[in-house]
Amino acid sequence: MPSDVIQWFPGHMAKTRRMMKEMLPQVDAVIELLDARIPYSSHNPELYRITGSKPILTLFTKSALADPASTARWKKRYDAEGRRCLIVDSVSGAGLSAIPEEIRRLLADRIARYEEKGMSGRALRVMIVGIPNVGKSSLINRLAGGKRAKVEDRPGVTRDKQWIVTPGGLELLDTPGVLWPKFEDQTVGENLAVTGAIRDEILHTEKIAAILCRRLREKYPTLLAARYKLGDAAVRDTPDDFALLETIGRKRGFLIAGGEIDTERTAVMLLDEFRGGKIGRITLEEP
Ligand SMILES: Nc1nc2c(ncn2[C@@H]2O[C@H](COP(=O)(O)OP(=O)(O)OP(=O)(O)O)[C@@H](O)[C@H]2O)c(=O)[nH]1
Ligand SMILES: [Mg+2]
């Protein structure tokens with residue numbers, strides 16, 4: 001992965017880690033958002049160590065963009081490991097109504113203790129964590145009703161922590177997205193780049209798009225062929241990923257002076273269409 005991406009992490013990472021540790025004693029539970037298209041790459045490997053014994057609810061979010069069969073496999077894996085998890089989508093609203101109940105179930109002991117102390121009805125405080133652009137603020141807005149937290153389709157929108165009260169008796173702590181580099185694994189960096197968790201300004205767009213071509217060719221050749229009218233054979237037999245990107249550009253008529261293909265424009269288009277779910281419901285990694 002581009003080394004400039006990795007250089008970008010440390011200060012930011014340390015600051016958010018500090019904030020998480022500082023706020024942890026004030027919360028009853030943590031909601032971890034995983035991007036259903038990349039559940040492994042979007043998981044913070046340090047999270048369980050940082051949160052210690054705090055109950056965690058994992059949400060596979062953006063599930064409307066992910067391959068439903070893959071998401072079901074991920075959920076099965078998490079269930080088997082005894083981790084609480086739900087499949088949700090904050091745009092369609094799918095699965096969201098189960099969250100407050102699941103939190104209450106997770107915190108049954110704590111709620112009972114509050115009741116013993118005559119503190120029944122006390123709001124449950126939940127910290128929402130996840131990589132940049134995964135949908136933390138979108139989720140909070142859906143649960144709270146209305147546009148309470150700022151949402152944009154780029155990483156790094158939420159800059160500081162913010163408490164938001166929901167009608168369902170939850171107080172949610174929005175946090176800035178944070179990337180946790182898994183240095184040993186280049187695929188993780190690629191997955192984060194392709195799905196939009198890393199600022200596009202610091203990425204080599206054509207390289208990332210070529211990587212996406214490869215991943216789609218390997219796992220979803222039929223969807224790729226159908227979207228760009230390539231024919232299954234062309235997808236299968238095109239020798240290199242950059243050539244495939246060029247073929248897609250030619251099909252779309254993205255040409256520059258001299259009849260050359262505008263690969264930059266093709267790359268931006270391909271990434272946009274993938275992120276917008278236009279190619280199909282796609283998951284890039286399996287449990
Ligand atoms: N399809 C789909 N899009 C989603 C979902 N959740 C969020 N998005 C989109 O993803 C983009 C980022 O959403 P945010 O809620 O701003 O993400 P965030 O995690 O708060 O991002 P940062 O504050 O930058 O860390 C927006 O374009 C949302 O509309 C989801 O469940 N499904
Ligand atoms: Mg946000």
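As the structure is a computational prediction, the values presented were derived from the model and not from experiment. The first residue in the sequence is number 1, and the count goes up from there. Numbering of ligands and ligand atoms starts at 1, following listing order.
- Shortest contact from atom 5 (C) of ligand 1 to any protein heavy atom: K62 CG, 3.6 Å.
- Nearest to atom 27 (O) of ligand 1 by heavy atom, out of D174, D153, T175, is D153.
- Atom 3 (N) of ligand 1 has V91 CG2, 3.3 Å as its closest protein atom, hydrogens excluded (heavy atom only).
- Taking atom 19 (O) of ligand 1 as the reference point, the nearest protein heavy-atom neighbour is K136 NZ, 2.6 Å.
- Those atoms of ligand 1 with a heavy atom of G177 less than 4.0 angstrom away are 25 (O).
- Here the protein heavy atom with the shortest distance to atom 14 (P) of ligand 1 is S138 OG, 3.6 Å.
- Under 2.8 Å from the Mg ion (ligand 2) lies no N/O/S atom of N133, from backbone or side chain alike.
- Counting only distance, with no hydrogens or angles, the side chain of D28 and the backbone of R125 share a donor-acceptor pair below 3.5 Å.
- Heavy-atom contacts of L65 reach the following atoms of ligand 1: 1 (N) (cutoff under 4.0 Å).
- Here the heavy atom of the protein found nearest to atom 21 (O) of ligand 1 is N133 N, 3.1 Å.
- Nearest protein heavy-atom contact of atom 31 (O) of ligand 1 is S90 N, 2.6 Å.
- Residue contacts to the Mg ion (ligand 2): S137 brings an N, O or S atom closer than 2.8 Å.
- Heavy atoms from other residues, nucleotides or ligands lying under 6.0 Å from NZ of K207 number 12 at most.
- Nearest protein heavy-atom contact of atom 17 (O) of ligand 1 is G135 N, 3.1 Å.
- Heavy-atom proximity to P132, at under 4.0 Å, picks out these atoms of ligand 1: 25 (O).
- One N or O on the side chain of T175 and one on the backbone of I128 form a donor-acceptor pair closer than 3.5 Å.
- When only interatomic distances are considered, the shortest N/O to N/O separation between V134 and ligand 1 falls below 3.5 Å.
- Considering backbone and side-chain atoms together, V151 places no N or O closer than 3.5 Å to any N or O of ligand 1.
- Contact annotation: G156 has at least one heavy atom less than 4.0 Å from an atom of ligand 1.
- With L216 as the partner, the side-chain contact (heavy atoms from CB on, under 4.5 Å) test is satisfied by one option alone out of L244, I282, D241, V235: I282.
- Considering backbone and side-chain N/O of V88, none are found under 3.5 Å from N/O of ligand 1.
- Protein heavy atom in closest approach to atom 32 (N) of ligand 1: D89 OD2, 2.9 Å.
- In terms of heavy atoms, E285 sits closest to W74 at O-NE1, 2.8 Å.
- By the 3.5 Å distance cut-off applied to N or O atoms, P176 is not counted among the residues near ligand 1.
- Hydrophobic clustering (side-chain heavy atoms under 4.5 Å, transitive across Ile, Leu, Val, Met, Phe, Trp, Tyr) keeps I131 apart from L65.
- The aromatic rings of Y78 and F60 sit perpendicular to each other, their planes meeting at more than 60°, with 30° as the lower class boundary.
- Remark: distances from the non-hydrogen atoms of R159 to ligand 1 are all 4.0 Å or more.
- The backbone N or O of A94 sits nowhere less than 3.5 Å from a side-chain atom of D89 that would complete a donor-acceptor pair.
- N191 and R215 form a side-chain donor-acceptor contact under 3.5 Å, judged by distance and modelled atom types alone.
- For ligand 1, the atoms lying closer than 4.0 Å to a non-hydrogen atom of T61 are 31 (O).
- Contact annotation: P155 has at least one heavy atom less than 4.0 Å from an atom of ligand 1.
- A donor-acceptor pair under 3.5 Å links the side-chain atoms of R281 to the main chain of A64, judged by distance alone.
- In this structure, the side chain of K219 does not engage the main chain of R214 through any donor-acceptor pair within 3.5 Å.
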